[in-house]
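Below is the structure I would like to discuss, written out as structure tokens.
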There are 2 protein chains.
Amino acid sequence: MTTAKKSYHHGDLKGTLEDAAVEIIRVEGVNGLSMRKLADKVGVSRSAPYHHFEDKQALLSAIAHKGFVLQAEAIDSAEAQGEPAFEAQVMQFVHAYVNWAVEHSEYYDLMFGSEVWQGSTPPEQFAQESRGYFRRYVDRVQRWQESGHISQQLSALRFAQVSWSSLHGISRLLIDGIYVDKKAQEAICSAAATIFFKV
Amino acid sequence: MTTAKKSYHHGDLKGTLEDAAVEIIRVEGVNGLSMRKLADKVGVSRSAPYHHFEDKQALLSAIAHKGFVLQAEAIDSAEAQGEPAFEAQVMQFVHAYVNWAVEHSEYYDLMFGSEVWQGSTPPEQFAQESRGYFRRYVDRVQRWQESGHISQQLSALRFAQVSWSSLHGISRLLIDGIYVDKKAQEAICSAAATIFFKV
DNA sequence: AGCACATCTTGACACTGTCAAAATTGCACC
DNA sequence: GGTGCAATTTTGACAGTGTCAAGATGTGCT
């Protein structure tokens, strides 16, 4: 769990707090996380966390940031070990995206929660970074278009926006318990790939 | 604003509370709504609302319920006055859905917020009702398939799940401020219709 | 008028985020 | 080794929150 540097009094309180917060969120949901409960769990006083995170929101933003990194890693690694054929690539990508989101909803909820994106503490750097992730997806689409695998009727940007919306929507509906049939997840992902990429 | 029956002490407190809550949410967001502030705004004591709503959650669920009704009305009416040609119908539907969601995010946030769907007070009747709305959409897709306008390669259920995910995803990303370019909304909706329905 | 009941208020409790001031600790330097 | 400084943590406090139990108040019916 993080680099545990045992430096000052506690030793990497910051990292410990992040990890503990993620665990609370996983078990009790975002609303189940309170700064005081978190401090208790870690064994420090209620306001110790405020020396490492300006805000509760800052803590959540930090976790969201970590989420972006983790998801990118997960998708890249899934892509790396899959078949190089276009159809397989696309399938892999779609499944990897939704799978990660559903299995790590503690992160995903925060990554795309409105609080982080419209918060009073405008996380400019944060928004810019995640915008980078989206741009990488647009580039990906563009490559697929140039190699003739998907239609060029729409601009890469538009196609990326719509197809990503779909991935996001599927993930959200599964996470929020609106699509209750968990066993349908695979089928839905495959259907999405079929529709978007004519796989 | 509701039927204002002026019956007992206040006169339709329940309806007044709902309306006031919606307004607070529109201005300050869901997290800006507190039962006490709401009671203040309406001019009653802090715990008066608890005689009309068991919970804060019950209030939110009631608003969400109203949202489902309102959105269905909006979409139906948009559909009714549009051209009867398939392409126009689909375009109309997509735009109507996303438009309503974006313009009434006070409702939309609650309709598909995880709290309502996984809350400790399982709103069984609520879930069943909204499932009805989804089924209506599946039926709509089925009709489109039978009339040969969209591919029958996928089952109506799967197609409905994926395409609705897309509508939901687009709406969410716009509402949450992740798609910042509001002027792109129209273009994104049109692109979605193009991809899904080969309009 | 009086009764039953719906409706509303007051007081209270445990919990929340967050700040200011005070206390503690670790490290660098003499 | 002792001393001072700065990083770190704690304690006390305040305003807000959801919600409940008991009491107060008004309404309509007989």
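Every chain is numbered from 1 and lettered A, B, ... according to where its sequence line falls, protein lines coming before strand lines.
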Establish, with yes or no, whether the OP1 or OP2 oxygen of D:dT19 is under 4.0 angstrom from a side-chain nitrogen or oxygen of B:Ser47.
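Checking B:Ser47 against D:dT19: no side-chain N or O falls below 4.0 Å of OP1 or OP2.
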
Quick check: on DNA chain C, is the nucleotide nearest A:Lys37 upstream (toward 5') of the one nearest A:His51, or the reverse? Name the residue that is more 5'.
A:Lys37

A:Tyr97 ring center within less than 6.0 Å of A:Tyr137 ring center
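When the ring centroids of A:Tyr137 and A:Tyr97 are compared, they turn out to be at least 6.0 Å apart.
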
Is A:His52 near enough to D:dA7 that one of its side-chain N or O atoms lies under 4.0 angstrom from OP1 or OP2?
no

Testing D:dA13, C:dT9, C:dG11 for proximity to the side chain of A:Arg46, the answer is D:dA13

Salt bridge present between A:Arg140 and A:Glu79 (N-O < 4.0 angstrom)
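Judged by the 4.0 Å cut-off on N to carboxylate O distance, A:Arg140 and A:Glu79 do form a salt bridge.
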
Would you please indicate yes or no on a ring centroid separation below 6.0 angstrom for B:Phe112 and B:His168?
yes

Nucleotide C:dT18, atom P - distance to CG of A:Leu60 in whole Å
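Checked: the CG to P distance equals 10 Å.
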
Find the distance B:Asp12:CG to C:dT7:C1' and express it as a whole number of Å.
13 Å

Would you mind reading off the distance between A:Glu28 atom CD and C:dT16 atom C1', rounded to a whole angstrom?
14 Å

To the nearest Å, how far apart are A:Met35 CE and D:dT10 P?
14 Å

From NZ of A:Lys56 over to C1' of C:dC19, roughly how many Å is that when rounded to an integer?
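Rounding to the nearest Å, NZ of A:Lys56 and C1' of C:dC19 are 17 Å apart.
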
What is the separation between atom CG on B:Asn31 and atom C1' on D:dG16, rounded to the nearest whole Å?
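In whole Å, D:dG16 C1' lies 14 Å from B:Asn31 CG.
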
Nucleotide nearest A:Ala48 when distance is taken to its side chain, options C:dA12, D:dC20, D:dT9
D:dT9

Whole Å only: how far is the CG atom of B:Leu17 from the C1' atom of C:dC8?
12 Å

For the pair made of CZ in A:Arg36 and P in D:dC14, what is the distance, rounded to whole Å?
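In whole Å, D:dC14 P lies 14 Å from A:Arg36 CZ.
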
Does the plane of the ring in B:Tyr107 sit parallel, tilted or perpendicular to the ring in B:His104? Use 30° and 60° as the thresholds.
tilted

